[in-house]
Amino acid sequence: MKSIHVKGNTYVLDLDLLYLPYYKIDEENIILLDTGYMRNHREKLITYFEENHLNVAGILCSHAHIDHVGNAAYFREKYGCPVAMTREEAGIVESVLSLKKFYANYAMNHARDHFGHMVVETDRMIEPDETEITFCGADFRILHTPGHSTGHITITTPDNVTYIGDALISYEIMESAKLPYAYILTQDIASKMKLYSLQSSQYVLAHKGIYPDVKDLITDNIYFYRNRAEEILSVITGPMTKEELLQEVALIMRIRIDSTFKYLVVERMLQCYVEYLLETGRIIQEVQNQSLKYIPMPKKQ
Ligand SMILES: [Zn+2]
């Protein structure tokens, strides 16, 4: 696994699909910013820490998605280190029941089997009004960027390097992503706008890249997400059920749905765009013949 020196004591581990930053407190101790996937990354990370004589002294999470907190509980136990994240995100992963609330379209047993390993106790809650925290002796700046998830944050290390997490996606991801995810897209776009105010030396995106400047990337991200919503709107030519819309979008975007899991993932991703179109008044929902239909609103002149 490749380690990239970003600046000062801030490093990034290249985990193929994602960048995982860490901050070195001293020669031996590091603070991990997120923890990767359980299945693909756990062993790789442990081997890397052992070979480089590193001890995980703390875990600071940008948000509680499966590729970010996948090893939080395991590392907390193994290294006896504290975990910090926003109160909002901590609430999602505090128990299997709270995960079930978040993954509402999964049956309880499936929520437990797929996501149970994400359950972790948070030692240091980051409150909504906190913009600076001291964690394991290091000072981090926090920018609250809800939207991609409800309590997402960006984290700026003492080297003035900002870990953007999933608040932005790279140009490579924009080329390949069909329905990039946001929990609440209107909030996510507002949070992307907040990122213009950052004045950091470097920016690390989880998916994925290191950028000296992100102003153009912010603009392009906002355009990209809005454009995706417009594409979905263009599919809704008349009253459509959610199922009809999903089938049509999958066809047009060439999304292969070949398992229940994939169906549920695509359904959830589509939902964020549908909610965005509802929230921005581009479509309405109405019951017709006992079915819920999405209906386009005529364009204002
Ligand atoms: Zn995420």
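Every number for a ligand or one of its atoms is a count from 1 in the order of the listing. Just so it is clear, the model here is predicted, and its values are computed rather than measured.
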If you take the centroid of each ring, where Trp contributes its six-membered ring, are Tyr106 and Phe115 closer together than 6.0 Å? yes
May I ask you to check whether His152 brings an N, O or S atom to under 2.8 Å from the Zn ion (ligand 1)? no
Quick check on the hydrophobic clustering: are Met253 and Phe224 connected, directly or via other members, by side-chain heavy-atom contacts under 4.5 Å? yes
Does His65 put an N, O or S atom under 2.8 Å from the Zn ion (ligand 1)? yes
What is the ring orientation for Tyr181 with His65, classed by angle as parallel under 30°, tilted 30 to 60°, or perpendicular over 60°? perpendicular
Look at Asp166 and state whether any of its N, O or S atoms is less than 2.8 Å from the Zn ion (ligand 1). yes
The atom of His63 among N, O or S that is nearest the Zn ion (ligand 1) is NE2
Check: Tyr183 ring centre within less than 6.0 Å of Phe102 ring centre: yes
